[in-house]
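Notes follow once the structure below has been shown.
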Amino acid sequence: MEQSISLKDNFLKGVIKENPVFVLLLGCCPTLGVTSSAVNGLGMGAATAFVLVMSNLAIALVKNVIPDKVRIPAFIVIIAAFVTVVQLLMAAYTPALNEQLGLFIPLIVVNCIVLGRAEAFASRNTAVASMIDGLGMGVGFTFALLLLGTIRELLGSLSVFGYKLVDADGILIFVLAPGAFITLGFIIATMKWLKNRENIKSH
Amino acid sequence: MAAARSSFLNLLVTLTIVTLVASLSLGYVYEWTKEPIARAQMAKQLKAIESVVSGYDNNPVLESYRLPTPNGKDSLDFFPAKKKGELIGVAVKTKSSKAYNGDIWLMVGFNVKGEIQNIFVIEHKETPGLGSKMTTPKFLQQFMGRNLTTMKLTVKKEGGDVDAITGATISTRAFSGAVQTAYETFINSASHGAVN
């Protein structure tokens with residue numbers, strides 16, 4: 001059944017219909033934790049997307065030689081290896097971003113999106129389809145974090161990508177933890193509203 | 001799914017191979033990124049030093065040394081800034097563990113007279129919008145060019161000379177404490193002839 005959907009639909013479902021943050025509500029820990037600015041959201045999203053694509057590919061390639069009983073430990077080792085690779089690369093080439101994101105990079109290992117896609121998709125699909133699925137989910141995750149980060153940075157610090165628009169203090173709460181919950185709530189509500197309106201129209 | 005059989009030996013062999021391949025590739029990536037990571041850290045230290053002392057022509061990181069604080073509980077890294085072999089200032093890397101959240105790391109630059117040239121916040125995890133204001137020029141300015149024999153490093157409402165950040169007295173206190181430690185260690189080293 002999975003084989004019948006086209007690559008394009010496979011990619012797009014992660015971005016919109018099954019967006020990991022707004023629809024599946026997976027990976028809320030980094031979503032709420034790092035999105036105090038647009039750059040942080042983008043960096044975290046890109047790091048997670050890389051891990052998703054690579055681990056989905058690796059798991060799809062080895063799925064047939066992994067006995068069922070140890071598949072979760074094997075998947076976790078593969079995911080953890082890719083996360084460590086990302087961390088080393090970021091420490092080497094984007095040290096400032098690496099410090100900003102801090103603990104959240106190693107925490108990608110326990111991000112439910114990554115293991116979730118490994119279990120639900122990569123362990124029963126081909127390598128190419130799994131990579132596309134990982135890419136779609138990664139782009140969807142990045143898009144969500146970027147949107148959240150941009151809104152919070154705009155309202156909280158009155159700046160966009162670190163560029164100050166007005167020389168004044170923003171609404172502090174949007175940079176703090178409660179602002180993350182409030183913003184995410186409003187975004188999800190908006191998406192639900194748009195979806196409902198579409199459903200009513202089509203009936 | 002045409003998964004392999006779950007016999008004991010099979011599980012053992014699979015997990016061993018998976019972890020072996022993972023650790024081998026990690027070892028390779030580690031070796032590959034070791035140089036760039038060291039370079040990035042060096043660049044970070046140099047950037048901090050550059051913003052607190054100026055006009056030197058040596059590499060302060062290569063000549064750095066470590067001195068114990070006067071109370072002996074800790075030790076701080078000293079980065080001497082030299083021009084044509086003569087000492088013109090010292091950057092001291094100092095920290096405070098009494099901040100609101102995590103440690104604050106500062107680089108404090110002194111000239112040979114013991115006046116603060118500038119202060120650079122290397123790392124902090126204070127509340128954005130409150131304690132994070134310690135990185136703004138508005139807050140840092142009050143320390144520049146000051147000699148700590150004439151400036152008392154406690155916040156104003158405790159009888160000191162430091163203008164606290166609104167809503168972030170704890171951060172301000174930790175920041176001042178870190179500067180004070182750097183100064184005491186610096187003066188101590190000067191009186192023992194390590195800096196002349």
Side-chain angles (χ1 to χ4, degrees), chain A residues 36-37 40 54-55 58-60 62-100 102-103 123-125 152-153 155-158 167 169-177 179-180, chain B residues 1-48 101-102 105 121-133 136 138 165-168:
Chain A
S36 57
S37 74
N40 284 2
M54 297 309 285
S55 63
I59 287 164
V62 299
K63 63 176 187 286
N64 286 336
V65 294
I66 307 253
D68 228 24
K69 271 188 188 160
V70 291
R71 68 177 196 286
I72 300 286
F75 291 173
I76 284 289
V77 170
I78 292 170
I79 293 166
F82 282 116
V83 170
T84 313
V85 168
V86 168
Q87 200 185 2
L88 287 170
L89 287 177
M90 286 182 80
Y93 300 108
T94 56
L97 188 63
N98 186 46
E99 258 163 49
Q100 280 284 308
L103 190 63
S123 64
R124 53 194 71 158
N125 282 284
R152 288 180 64 194
E153 191 184 343
L155 295 174
S157 339
L158 300 179
D167 192 23
D169 289 340
I171 310 163
L172 184 59
I173 196 167
F174 280 101
V175 185
L176 305 178
Chain B
M1 208 188 328
R5 271 204 350 239
S6 295
S7 72
F8 179 72
L9 195 69
N10 219 340
L11 304 185
L12 208 70
V13 171
T14 313
L15 279 185
T16 311
I17 292 174
V18 167
T19 40
L20 201 68
V21 171
S23 40
L24 279 179
S25 25
L26 279 187
Y28 177 74
V29 177
Y30 172 77
E31 282 298 326
W32 179 35
T33 51
K34 210 160 82 178
E35 277 282 312
I37 288 177
R39 235 179 297 135
Q41 274 167 352
M42 169 84 104
K44 187 186 160 201
Q45 298 236 301
L46 281 177
K47 188 182 157 234
N101 188 16
W105 284 93
V121 181
I122 303 173
E123 201 180 311
H124 77 86
K125 298 190 183 73
E126 304 297 281
T127 318
L130 293 171
S132 73
K133 283 192 180 149
T136 58
K138 198 180 147 204
I165 304 161
T166 315

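We use all heavy atoms of the structure for the numbers below, so side chains are in, but hydrogens, waters and symmetry mates are not. Each chain gets a letter, A, B and so on, in the order the sequences are listed, and its residues count up from 1.
- In this structure, the separation between OG1 on B:Thr127 and CG on A:Leu172 is 8.5 Å, given to the nearest 0.5 Å.
- In this structure, the separation between OG1 on B:Thr33 and CE on A:Met90 is 13.0 Å, given to the nearest 0.5 Å.
- Among all heavy-atom pairs drawn from A:Ala91 and B:Ala40, the shortest one is O-CB, 3.8 Å.
- Taking CG of A:Leu88 as the start and OH of B:Tyr28 as the end, the distance is 13.0 Å to the nearest 0.5 Å.
- With a 4.5 Å cut-off on non-hydrogen atoms, B:Lys47 does not touch chain A at all.
- Proximity to chain A is limited to the side chain of B:Lys44, based on heavy atoms less than 4.5 angstrom apart.
- Of all heavy-atom pairs spanning A:Ala74 and B:Val18, the tightest one is O-CG1, 3.9 Å.
- If you take CD on A:Gln87 and CG on B:Leu26, they are separated by 10.5 Å, rounding to the nearest 0.5 Å.
- Residue contact with chain B, scored on non-hydrogen atoms closer than 4.5 Å, involves the side chain of A:Tyr93 exclusively.
- Taking the side chain as every heavy atom from C-beta outward, B:Ile17 and A:Val65 never approach each other to under 4.5 Å.
- Here B:Leu11 contributes atom CG and A:Asp68 contributes atom CG; the two are 10.0 Å apart, rounded to the nearest 0.5 Å.
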